[in-house]
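Just so you know, ligand 1 is whichever comes first in the structure, and atom 1 is the first atom listed for that ligand.
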Amino acid sequence: MTKRRTFLQQVGLMAGAFSANSLMNQLHAAEWEAAERRIGNQLPEAVAADEDYWSVIQQAYTVNPNLVNLNNGGVSPSPRVVQEAVSRFNQLSNEAPSYYMWRILDQGREPLRYKLASLAGCSTEEIAINRNATEALNTVIYGLDLKAGDEVIGTKQDYPNMIQAWRQRAMRDGIVYKQISFDFPIENDAEIVKGFEAAISPKTKILHITHIINWVGQILPVKKICQMAHRHGIEVIVDGAHSFGLLDFTIPDLECDYFGTSLHKFLSAPIGSGMLWIKRDKIEKIWPLVCNDKPHSPDIRKFETLGTRSFPIEQGIGEAVNFQMAIGSKRKQERIHYLKNYWASRAREIPGVRIHTSLLPAYSCAICGVSVDGMTPGELDSALFGQYKIHAVGIVWENISCVRVTPHVYTRLADLDKLVLALEEIAAKKRKG
Ligand SMILES: Cc1ncc(COP(=O)(O)O)c(C=O)c1O
């Protein structure tokens, strides 16, 4: 019954993506519908390993065939439909900027909010569209009324822009910013929840948590942390830069209070796009980061007075949502998890190679850390690029030291075979000295 419902939901979402005037419709309708028909009502877990299906998706991207890009955790490319939408809106804007941007393209913001809200499973009145996760999360960090002595708990494994924002608040307002530290990978929800709970004091007002730790891909049990925090009367801010568009969830399901994300990572939206979600009854009390004539309005749009920004980039997000819906979030999550385990489960058998991330779907999806004994992350990163033209990224941050590898839906198995071969050769060379 559930399987059937999921399938019907998938078909319903596809219909939305292929609405009459969508670029998706013009570029992909026939071949995607054929691919969809061929896989029938197979479960997403089974489709994850269907190379014929995914080759249709791979062809929708325009990535450089001579470079294996495995740093999609940094920023992801957009498929052709999204690139074409941006360039079409850009040309239009330049015909008469103030007319086309403010009178024509501006009309697209509410339909876009509706699309993003459908994908996030929430009300349109809880979604603000902005430029990136830093802007979304800094809006909440600087917008909360906190007084000297109030405590905020984060982790040493959070993203630097958020750590620095909290430190700045500590400097300006005298709040106390405490950071706990985890030794990832951890395959135990209770251990993570307890780690946060142990740091709580009567002065704690906020927990700041990262849904997927960018350095090493650990997924945190957000809902359980939020439930625990709420029992203590504490609000939770979630940094979802890497989870939105990758994991199949709705934001209200997380039970958090605030959620910020970039859309140019796993959603493959135009570079420079982001989103802020605030639980409806909390909107009123958050000050906008950029001025607004009604700073205590309960209208989420008060966070969008950004001044002149790129309308083509903003409107291009719509095609990225179409693209996501046509694949289906669950299917995408299963595929990317399959790709990560495809290489990581083989790499961990190579003598001298270590994997720094869980292979279990509850604790990781796309991002995975790898190291070779006797090599620094910088050395391994350079060897991968220098000798094999595999682009990943060396990470040295707090207690984490590895190379971060992140595939995306366009990644081919041949690219990952090349990565495993490269690791075999590099590790063998190192062993021989
Ligand atoms: C966990 C996390 N949060 C926030 C950000 C910031 O994203 P953006 O540069 O889009 O603001 C990143 C970027 O990599 C990240 O990894």
Quick check for students: name every N or O atom pair between ligand 1 and the protein closer than 3.5 Å, with distances.
from	atom 1	to	atom 2	distance (Å)
ligand 1	3 (N)	D239	OD1	3.1
ligand 1	3 (N)	D239	OD2	2.6
ligand 1	7 (O)	S262	OG	3.3
ligand 1	10 (O)	S262	OG	2.8
ligand 1	10 (O)	H264	NE2	2.7
ligand 1	11 (O)	N132	OD1	3.4
ligand 1	11 (O)	A133	N	3.4
ligand 1	11 (O)	T134	N	2.9
ligand 1	11 (O)	T134	OG1	2.6
ligand 1	14 (O)	K265	NZ	2.6
ligand 1	16 (O)	H242	NE2	2.7

So, are K330 and E334 salt-bridged, with charged N and O less than 4.0 Å apart? yes
Please identify each residue that fulfils ring pair (Phe, Tyr, Trp, His ring centres under 6.0 Å) with W215, with sequence neighbours left out. W397
Please list all pairs meeting salt bridge (charged side-chain N to carboxylate O under 4.0 Å, His left out) that have one or both residues in residues 375-399, counting only residues at least two apart or in different chains. none
Between R113 and E110, does at least one N-O distance fall below 4.0 Å, as a salt bridge requires? yes
According to the side-chain hydrogen bond (donor to acceptor under 3.5 Å, both in side chains) rule, which pairs have a member within residues 306-318, sequence neighbours left out? R109-E314, R309-E314
Between R331 and Y53, is NZ or CZ placed under 6.0 angstrom from the six-membered ring centre and within 45° of the ring axis? yes
